[in-house]
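Side chains are part of it too, since the values below use all heavy atoms of this structure and drop only hydrogens, waters and symmetry mates.
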Amino acid sequence: MILLVLGILLFSVLHLVPALPRLKAEIVARVGQRVYGPAFGLASIVALAIVVVGWRQAEFVALYEPPAWGRYANYMLTLLGFLCLGIFLFRGRLRQILRFPMGLAVLLWGSGHLLANGDLRSLILFGGLMIYAVLHIAIGLARGSRPPPELRGGHDLVSLLAGAALYGVMTQLHPVLIGVPIFALTK
């Protein structure tokens, strides 16, 4: 579990840096933009890999019995989360309306998974990332953050299609990456 906790802390701290412009500017001033971007990307991939390895190595410790309808709610909440992810990736009007689509995506995804899973590693993973998302949104609200005002025509539809496509891809990759099949089809 320690590796999982460390991965979530590293991922969260890394992703809070962009929410704090002064800190980010100070880091960029020290290392330069040409180093910051690739270093941030590489560190994010490493943190995510640590989270996945930590998750797969953590033993299952039951904490609570999820509701019978929890996995169905998870399908819907995770789909909504992926739609928010698509909205985050594109510069449409929906991004302006939601303001923090990535934070909302994490909250929806985490909530769904906590309704479907009742174990300690799930609580650490999804609860930890939900705490990060709440902090990110709270910092953004306190600073009055808004997405860039640049809007691109057609991006609302493209963002929703991209989110739905990413959801479909993840449903296929989930057993390989995470080790847990999403749909347990029986004969």
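Residues passing the side-chain hydrogen bond (donor to acceptor under 3.5 Å, both in side chains) test with Y132 are H136, sequence neighbours excluded.
Residues W55 and M1 fail the side-chain proximity criterion, which asks for heavy atoms closer than 4.5 Å. Looking at L10 and V51, their side chains never come closer than 4.5 Å, going by heavy atoms from C-beta outward. Within the 4.5 Å cutoff, side-chain heavy atoms of L85 are placed close to those of M102. Put simply, the side chain of L3 reaches to within 4.5 Å of the side chain of V53, judged on heavy atoms. Counting heavy atoms from C-beta on, the side chains of L98 and F88 never come closer than 4.5 Å.
Put simply, CG on L114 and OH on Y64 are 4.5 Å apart, with the number rounded to the nearest 0.5 Å. To the nearest 0.5 angstrom, M130 atom CE is 10.0 Å from L123 atom CG. Between the OH atom of Y72 and the CG atom of L115 there is a distance of 14.0 Å, given to the nearest 0.5 Å. Note: L135 CG to H15 NE2 = 14.5 Å, rounded to the nearest 0.5 Å. Once rounded to the nearest 0.5 Å, the distance linking CZ of R152 with CZ of F90 reads 10.0 Å. Put simply, CG on L9 and CG on L4 are 9.5 Å apart, with the number rounded to the nearest 0.5 Å.
Among pairs with a residue in residues 82-100, none fulfils side-chain hydrogen bond (donor to acceptor under 3.5 Å, both in side chains), at least two apart in sequence or across chains. Note on residues 40-66: no pairs pass salt bridge (Lys or Arg N to Asp or Glu O under 4.0 Å), not counting sequence neighbours. Evaluation of the side-chain hydrogen bond (donor to acceptor under 3.5 Å, both in side chains) test over residues 76-89, restricted to residues two or more places apart or in two chains, returns N74-T78.
Shown here for Q33 and P38, the closest heavy-atom pair between the two residues is O-CD, 4.3 Å. Of all non-hydrogen atoms in P175 and P181, the two that sit nearest each other are CG-CA, 3.8 Å. Closest approach of C84 to A105, counting heavy atoms only: CB-CB, 3.7 Å. In terms of heavy-atom proximity, G118 sits nearest to P66 at N-CG, 3.9 Å. Between A19 and I139, the shortest heavy-atom distance links the atoms O-CG2, 3.4 Å. In this structure, L94 and I87 approach most closely via the heavy-atom pair C-CG2, 3.7 Å.
L79 is connected to L173 through a chain of hydrophobic side-chain contacts under 4.5 Å among Ile, Leu, Val, Met, Phe, Trp and Tyr, so both are in one cluster. F100 and L20 sit in two unconnected hydrophobic clusters of ILVMFWY residues. Membership requires side-chain heavy atoms under 4.5 Å apart, directly or through other members. A chain of hydrophobic side-chain contacts below 4.5 Å, direct or via other Ile, Leu, Val, Met, Phe, Trp or Tyr residues, connects F82 to L89. Under a hydrophobic-cluster definition in which Ile, Leu, Val, Met, Phe, Trp and Tyr are linked whenever side-chain heavy atoms come within less than 4.5 Å, directly or via other members, L125 and V46 are assigned to different clusters. In the hydrophobic cluster analysis, where Ile, Leu, Val, Met, Phe, Trp and Tyr join through side-chain heavy atoms closer than 4.5 angstrom, L48 is grouped apart from L14.
With respect to I8, the side-chain contact (heavy atoms from CB on, under 4.5 Å) criterion is satisfied by exactly one of V13, I124, I50: I124.
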Can I get a per-line list of side-chain donor-acceptor pairs under 3.5 Å for residues 23-31, giving both atom names and the distance, sequence neighbours left out?
unit_1 : atom_1 : unit_2 : atom_2 : d
E26    : OE2    : R30    : NH2    : 3.0

Could you go through residues 157-170 and list every donor-acceptor pair under 3.5 Å that involves a side-chain atom there, pairing it with any protein atom two or more places apart or in another chain?
unit_1 : atom_1 : unit_2 : atom_2 : d
S159   : OG     : H155   : O      : 3.1
S159   : OG     : D156   : O      : 2.7
Y167   : OH     : Y75    : O      : 3.2

Side chain to side chain contact (heavy atoms under 4.5 Å, CB included) assessment of S122 paired with H113: CA-CA 8 Å; S122 293; H113 281 75; over 6 Å; no
Step-by-step side chain to side chain contact (heavy atoms under 4.5 Å, CB included) determination, L63 to D119: CA-CA 5 Å; L63 290 179; D119 61 291; 5.8 Å; no
Trace of the ring-ring contact (aromatic ring centres under 6.0 Å, His included) decision for F126 with W109: CA-CA 8 Å; F126 304 115; W109 167 80; 4.9 Å; yes
